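Chain A is the first sequence line, chain B the second, and so forth, proteins listed ahead of strands; every chain is numbered from 1. Quick caveat, the model's predicted, so the values are computed rather than measured.
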Amino acid sequence: MATHLVWFRNDLRITDNTALTAACQHPSDRVIALYIATPQQWHQHDMAAVQAGFIYANLCTLQQSLASIGIPLLVLEVNDFGGIASAITQVCQQHQVDALFYNRQYPLNERRRDQAVEQTLSPEVDCHGFDDALLFPPMSILTGKGEMYQIYTPFRHALIHHLQTKLQPVLPAPKQRGGEVNTTDIPPFNYPLDSHDAFPAGEQPALQRLRRFCRENVMDYERYRDIPAQDMTSRLSPYLAIGVLSVRQCYHRLLAESADFLLQPQSGAFAWFNELAWREFYHHLLVAWPKLSMNKPFIGWTERIHWNPSHDDFQRWCDGETGYPIVDAAMRQMNHTGWMHNRLRMIVASFLVKDLLIDWRRGEHYFMSRLIDGDLAANNGGWQWAASTGTDAAPYFRIFNPTTQGKRFDPQGHFIRQWLPELGDVPDKWIHTPHQWSEKQGKPIDYPTPIVDHATARIATLVAFEQARKPQAIGED
DNA sequence: GTGCACTTGCT
DNA sequence: GCAAGTGCA
């Protein structure tokens, strides 16, 4: 009989958990689980209080579900990654652990942390890392030249090929083992913890939501996903971000409901699959190009852009006080709920970068500090896409018009009115340009005038990008 | 080399 | 129509 320690990190579930399953392979072995909170590290990574609260809530349900299969959960708190190796060593000595099991995390700091742990523990403790967080391990989906893709569409083609030939099945939760496990309440982390009713904690609510979405909503996803007032998105991102749900579970569930969706690129199921594929793409990218984890843009020359350093402009964007209703409503949705509709994320990101000419990294960090589904790879990928600094050739001269976007995706202003009650009197026709209505009527409204004129800002941004791209053209002749 | 294609737009 | 390059097969 051996003692196995399962170290939970971004995989707070017992179903389809590769490391947990491996640790439980032999019924006679003793299995204990461990989670280590790292408040200092979270702070450095701008983790949102809603996400920390969500982790805490899900850890509590994880403790229960682990107890139900006879596995006790230890929860420790260590300030940062530096203290983890010694903390785990101590646990291993206390419980006479023979082997450590964990699912790999791919960002740079996490990989370094795991290396340090393995070095410290070996050879007394066998360490087993598993690829579990993605459909396929990073650097396993490659071009003909053996390199990671830089363009999404060919990556997706290769991904589909892999899915059809070598995807792992979903793993069931391990069978119950050993005797009863007593649980005591997990003390709250030494970190701000917020919670929100919109995302109930636990694997069961997550799986229910997944099943329901794939059964009832996904067919309409292509048609309605861009309408924030409709809210036809899956709302599964918070669960995926901390691993309450696995992406394999999502894919298999989708396949169970729409067996041939890969043959129907127009279907809602395919559109949603695209989102899972984007997640996969961005995670693979982050591993292939470490600079992406180091605050660097993918396209080098964009480092030469002279960003607007304004603290005030940035703050107004953060607070939803820009005078562009769709932008402000979106920011207030995020500030109040910890979540923002995907279409709106693109709109507000484009606005910060292309209208205010503010460094995308400030927006990226702000998003992380507010989002319940904050995920380094997806968030960075999304921001670099919006800022035109990323892999895909989203030409920088393609700039969202916030008013046009608002009219297209929230025509009657249903979403805007939800978050900007001060615009209650503004007729639908003017809901995207309330200041114009106000002037016309001679009625003041309690809402800011636009922080910038879009047409003017657009030109300025084009110039700033063009100058950065061709610096030698300046001052010559 | 050679041709095709490139998330979600805008004036 | 833009506008321009280059990743990928």
Side-chain angles (χ1 to χ4, degrees), chain A residues 141-162 220-228 230 232-234 237 265-282 284-285 288-289 297-302 324 326-327 330 340-351 353-355 377-411 415 432-433 452-463 465-470 473:
Chain A
I141 298 179
L142 304 172
T143 66
K145 282 177 151 179
E147 290 165 348
M148 171 57 192
Y149 287 90
Q150 300 182 39
I151 308 289
Y152 169 72
T153 307
F155 173 83
R156 189 190 63 202
H157 290 149
L159 171 64
I160 289 173
H161 181 73
H162 280 240
D220 293 324
Y221 185 73
E222 165 70 16
R223 236 178 309 169
Y224 298 123
R225 66 181 173 138
D226 277 325
I227 312 296
Q230 291 260 12
M232 290 293 281
T233 64
S234 70
S237 53
Q266 309 301 320
S267 65
F270 193 90
W272 190 58
F273 167 72
N274 256 319
E275 301 303 324
L276 299 179
W278 274 102
R279 173 183 184 273
E280 191 80 10
F281 179 59
Y282 284 142
H284 285 227
L285 267 184
W289 279 278
F298 189 82
I299 298 176
W301 62 257
T302 62
Y324 283 87
I326 195 71
V327 173
M340 191 195 293
H341 189 282
N342 175 254
R343 164 60 53 178
L344 301 175
R345 297 189 196 201
M346 293 187 280
I347 297 174
V348 302
S350 177
F351 189 83
V353 178
K354 305 284 175 72
D355 281 85
N379 191 49
N380 181 270
W383 272 95
Q384 295 227 38
W385 180 84
S388 306
T389 66
T391 52
D392 273 288
Y396 59 84
F397 46 82
R398 196 188 284 170
I399 294 172
F400 279 34
N401 181 322
T403 310
T404 308
Q405 288 277 318
K407 286 178 176 167
R408 184 175 305 157
F409 299 114
D410 192 28
F415 180 79
H432 298 286
T433 50
V452 290
D453 171 61
H454 173 68
T456 312
R458 178 177 170 277
I459 301 294
T461 294
L462 288 173
V463 170
F465 271 74
E466 190 60 34
Q467 282 181 353
R469 191 163 74 93
K470 295 180 175 168

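Contact annotation: side chain of A:W385 to base of B:dT7, donor-acceptor pair absent below 3.5 Å.
Nucleotide B:dT8 holds its P atom 11 Å from the CZ atom of A:R225, rounded to whole Å. In this entry the distance linking OH of A:Y221 with C1' of B:dT7 reads 12 Å, nearest Å. Atom CZ of A:F155 and atom C1' of C:dA9 are 17 Å apart (whole Å). Distance CE (A:M148) to C1' (C:dC8): 13 Å, rounded to an integer number of Å. Separating the CG atom of A:L462 from the C1' atom of B:dG9 is a distance of 13 Å, rounded to the nearest angstrom. One can place CZ of A:F298 at 18 Å from P of C:dG5, the figure rounded to the nearest angstrom. Atom CD of A:Q405 and atom P of B:dG9 are 6 Å apart (whole Å). Remark: P of C:dG5 and CH2 of A:W301 are 12 Å apart, rounded to the nearest angstrom.
The phosphate of B:dA5 (OP1 or OP2) has no side-chain N or O of A:H157 nearer than 4.0 angstrom. Note on A:R343: a side-chain N or O is less than 4.0 Å away from OP1 or OP2 of B:dG9. Not one side-chain nitrogen or oxygen of A:Y152 sits closer than 4.0 Å to the OP1 or OP2 atom of C:dC8. Residue A:N342 has no polar side-chain atom (N or O) positioned under 4.0 Å from OP1 or OP2 of B:dT8.
With a 3.5 Å ceiling on both atom-pair distances, C:dA3 lacks any Watson-Crick or G-U wobble partner. As the counterpart of B:dT7, no nucleotide is assigned, since no Watson-Crick or G-U wobble pattern has both distances under 3.5 Å.
Checked against C:dG7, B:dT11, B:dT8, the side chain of A:Q150 finds its nearest nucleotide in C:dG7. Among the nucleotides B:dT11, B:dG9, B:dT8, the one closest to the side chain of A:T404 is B:dT11. Across C:dA4, C:dC8, B:dT8, the shortest atom-to-atom separation from the side chain of A:P154 is found for C:dC8.
A 4.5 Å side-chain heavy-atom check between A:I151 and A:T391 finds every atom pair outside the cut-off. Within the 4.5 Å cutoff, no side-chain heavy atoms of A:N380 are placed close to those of A:L285.
For B:dT7 and C:dG7, the P atoms lie 13 Å apart once the distance is rounded to whole Å. Using P as the reference atom, B:dC4 and C:dA3 are 23 Å apart when rounded to the nearest Å.
As judged by a 4.0 angstrom heavy-atom cut-off over every strand, A:R408 is placed among residues touching the sugar-phosphate backbone only.
Side-chain contact of A:N274 with A:R156: a donor-acceptor pair under 3.5 Å is present, judged by distance alone.
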Can you check ring-ring contact (aromatic ring centres under 6.0 Å, His included) on A:H454 and A:Y324, steps first, answer last? CA-CA 10 Å; A:H454 173 68; A:Y324 283 87; 7.2 Å; no
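Ring orientation note: the planes of A:F281 and A:W278 are nearly perpendicular, at an angle over 60° on the 30°/60° scale.
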